[in-house]
Amino acid sequence: MTFLAATDALFFGPEGLDPVATQKTLKQALTGCEDGELFLEARQSESLTLDDGRIKSASFDQAAGFGLRAVAGEAVGFAHATELSDPALKRAAEAVKAIRQGRKGKKAAPPKGTNRHLYSDANPLASMSFEAKVKLLTEIDAYARKDSRVTQVMASLLGSWQAVRILRADGSQSADIRPLIRLNVSVVMKKGERMETGSHGFGGRVALADLITPQAWRAAADEAMRQATVNLDSIDAPAGEMDVVLGPGWPGILLHEAVGHGLEGDFNRKKVSAFAGLLGERVAAKGVTVVDDGTLVDRRGSITIDDEGTPSGRTVLIEDGILKGFLQDRLNARLMGVAPTGNGRRQSHAHPPLPRMTNTFMLAGERDPAEILASVKRGLYAVNFGGGQVDITSGKFVFSAAEAYVIENGKVGAPVKGASLIGNGPDALKRVTMIGNDLALDPGIGTCGKEGQGVPVGVGLPTLKLAGLTVGGTAV
């Protein structure tokens, strides 16, 4: 069964929209507009959290609705509703018509279709019973408490199932069904009077039972306890300018925030990105290649099609240090005279699409990670990151390291707390001096925020050495 057929009963019929009337209303609403679409969505989501052996919260939500968008030049008319009915759609159509203002724009060509499936269409929430989910979280709690230093355990399980259907005025349609799950384990450990935390999670676009095996959740609990143990022995972080080595995998969040957002089409069309006007120029050291790839099977950030119906793709953003392109939705691509890249994404039917990342990472180099660490006389080895702030226009960033170590004479030394990395995204890319051969993607935990919308994403990085980065620390 195709995704189109699978979504018929969700959106059309006696309790939903009339397919013929829907297409007629859509065509009337978008007459004279360059672009636009009707985005239909049905979603189920579930969240279950266990804290200190008790269920702290449990929720289940089911919703459906539509978002109708009309695009005329740079102007966008958008209306949405949680009522899937012909009268509601007609009211939305009247609202978005105002954007035309007598225009007779040339209609943009619809996206080309694809039969590719990057993940199962099975509902991950249905693959385990509620009782089995509670039992799983309880087992995680008991497993972690075998270590007498553990004073608190929090385990959470989140899942969603989203079906979308995108209709255009010319009659073309596309659809996708997207599963998504995530498990997270956090612990608090005590040593004397000192208490520290550790956390680890994983997920993807698969069924719960396929990913959350005993081996997998025990590994997550072990990693959370390892991080807490490391933090119990941490010392105050040094401060100053020094070489910084980023570990593989999740530290790619720095690349995502400090560089990736600046490569999104809207910021560059409006010339508010630090990368605006630099297409074809060197923006990073030789060897630095950054890609955004939404086609990776079962990954959290992957999408078979984006939320405008464009098939996802693999977009080379920076190649060997040269800026090659930007991430585009349909609106910004049309206004910039380039092709969409399949990065038009939205949080839900209640939000218009924006150019957003999917899975963004730097390709591996040729250096052995041990060789990279050995090359540092004095520096910081940042293995894991917490929060951060980035200014898109200037590229300036501040990121806090959740796990980091001092490097002395090529040896990894004591763990440190309170370390932060301070710099400028484009400048940091030019400070890359060594790239490891150990590219790793994050375990499937990323959520990206932009203009109040959150979407699931992936990040990745090989071990990376940056020369002379500013480190903020707490050591006096």
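We number each residue from 1, following the sequence as shown.
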### Query
Regarding Asp391 and Ser394, is there a side-chain donor-to-acceptor distance under 3.5 Å anywhere?
yes
### Message
Has Glu41 got a side-chain atom pairing as donor or acceptor with Ser348's backbone, closer than 3.5 angstrom?
### Response
no
### Query
So does Lys450 pair up with Glu264, basic N to acidic O under 4.0 Å?
yes
### Nearest atoms (heavy-atom pairs only) where His256 meets Cys448
NE2-SG, 3.3 Å
### Task
Any chance you could lay out the side-chain contact (heavy atoms from CB on, under 4.5 Å) test for Phe130 and Leu48, step after step, and finish with the verdict?
CA-CA 9 Å; Phe130 179 81; Leu48 188 63; 3.8 Å; yes
### Task
Decide, yes or no, whether a salt bridge links Arg178 with Asp176 under the criterion of side-chain N to carboxylate O below 4.0 Å.
yes
### Message
Has Arg168 got a side-chain atom pairing as donor or acceptor with Asp170's backbone, closer than 3.5 angstrom?
### Response
no
### Query
Looking only at atom types and distance, does a side-chain atom of Ser47 sit under 3.5 Å from a main-chain N or O of Ser59, one as donor and one as acceptor?
no
### Query
Is a donor on one side and an acceptor on the other found under 3.5 Å between the side chain of Trp161 and the backbone of Ala126?
no
### Query
Do any pairs count as a side-chain hydrogen bond (donor to acceptor under 3.5 Å, both in side chains) and have a residue in residues 322-341, sequence neighbours left out, and if so which ones?
Asp35-Arg330, Arg269-Asn332, Asp329-Asn332, Thr341-Asn343
#### Entry: Residues Glu83 and Ser85: side-chain donor-acceptor under 3.5 angstrom
yes
### Query
Are the side chain of Ser127 and the backbone N or O of Pro124 linked by a donor-acceptor pair below 3.5 Å?
yes
### Query
Nearest heavy-atom pair of Ser312 and Leu118: which atoms, and what distance?
OG-CD1, 3.9 Å
#### Entry: Side chains of Asn184 and Ser199, donor plus acceptor under 3.5 Å
yes
### Query
Hey, mind stepping through Leu40 and Val164 against side-chain contact (heavy atoms from CB on, under 4.5 Å) and telling me if it holds?
CA-CA 5 Å; Leu40 306 177; Val164 303; over 6 Å; no
### Task
Could you tell me whether the side chains of Thr315 and Asp292 share a donor-acceptor contact shorter than 3.5 Å?
no
### Query
Just how far is it from atom CZ of Phe385 to atom CG of Leu254, taken to the nearest 0.5 Å?
5.0 Å
### Task
Measure from NZ or CZ of Arg346 to the centre of the six-membered ring of Phe39 and say whether it is under 6.0 Å with the direction within 45° of the ring axis.
yes
### Message
Test of understanding: with ring pair (Phe, Tyr, Trp, His ring centres under 6.0 Å), list the residues that count as partners of His349, not counting sequence neighbours.
### Response
none
### Query
Does Thr22 use its side chain to pair, donor to acceptor, with the backbone of Asp18 at less than 3.5 Å?
yes
### Task
Check the pair Arg69, Val96 against side-chain contact (heavy atoms from CB on, under 4.5 Å), reporting the backbone distance first and the verdict last.
CA-CA 7 Å; Arg69 185 180 65 145; Val96 302; over 6 Å; no
### Query
Where do Ile253 and Phe399 come nearest, in terms of heavy atoms and distance?
O-CZ, 4.2 Å
### Summary
To the nearest 0.5 Å, atom CG of Leu157 lies from atom CD1 of Ile140 at 8.0 Å
#### Entry: Modelled atom types, side-chain donor and acceptor of Thr447 and Arg300, under 3.5 Å
yes
### Message
For a quick check under 3.5 Å, do Gln227 and Glu403 share a side-chain donor-acceptor pair by atom type?
### Response
no
#### Entry: Side chain proximity check, Phe361 to Leu441, heavy atoms < 4.5 angstrom
yes
### Under 3.5 Å side-chain donor-acceptor pair for Gln44 and Asn123
yes
### Query
Short question: side chain of Arg282, backbone of Asp320 - any donor-acceptor pair under 3.5 Å?
yes
### Task
State, with a plain yes or no, whether a side-chain heavy atom of Leu180 is found less than 4.5 Å away from one of Pro456.
yes
### Message
For the CZ atom of Phe11 and the CG atom of Leu38, what is their distance to the nearest 0.5 Å?
### Response
9.5 Å
### Query
Is there a side-chain contact between Leu421 and Val398, using heavy atoms and a 4.5 Å cut-off?
no
### Query
Does Arg205 use its side chain to pair, donor to acceptor, with the backbone of Pro179 at less than 3.5 Å?
yes
### Task
Nearest 0.5 Å please: distance from the CD atom of Gln173 over to the CD atom of Gln23.
6.0 Å
#### Entry: Over 12 non-hydrogen atoms of neighbours within 6.0 angstrom of NZ in Lys27
no
### Message
Would you compute the distance between atom CD of Glu223 and atom NE2 of His200 and round it to the nearest 0.5 angstrom?
### Response
5.5 Å
### Short N-O contact, Lys97 and Glu94, less than 4.0 angstrom
yes
### Query
So does Gln389 have more than 12 non-hydrogen atoms from other groups sitting under 6.0 Å from CD?
no
#### Entry: Closest approach of Thr463 to Pro369 (non-hydrogen atoms, all atoms of both residues)
OG1-CB, 3.9 Å
### Query
Do Lys107 side-chain atoms and Cys33 backbone N/O form a donor-acceptor pair below 3.5 Å?
yes
### Query
Do Arg314 and Thr295 meet the criterion of a side-chain donor-acceptor pair at a distance under 3.5 Å?
no
### Query
Going by an N to O cut-off under 4.0 Å, is there a salt bridge joining Arg345 and Asp306?
no
### Query
Do the side chain of Thr7 and the main chain of Arg165 share a donor and acceptor less than 3.5 angstrom apart?
no
### Query
Heavy atoms, side chains only, cut-off 4.5 Å: are Ile422 and Phe397 in contact?
no
### Query
Where do Leu464 and Val245 land on the side-chain contact (heavy atoms from CB on, under 4.5 Å) test, with the steps shown first?
CA-CA 5 Å; Leu464 201 66; Val245 176; over 6 Å; no
### Where Asp442 and Gly458 come nearest, the two heavy atoms and their spacing
OD1-CA, 3.4 Å
### Summary
One should read off an interatomic distance between Asn359 CG and Ile303 CD1, to the nearest 0.5 angstrom, of 9.0 Å
### Query
Would Glu139 and Lys135 pass as an ion pair if we require N to O under 4.0 Å?
yes
#### Entry: Minimum-distance pair of heavy atoms, taken over all atoms of Ala169 and Leu26
N-CD2, 3.9 Å
### Query
Is a salt bridge present between Arg431 and Asp427, judged by a nitrogen-to-oxygen distance below 4.0 Å?
yes
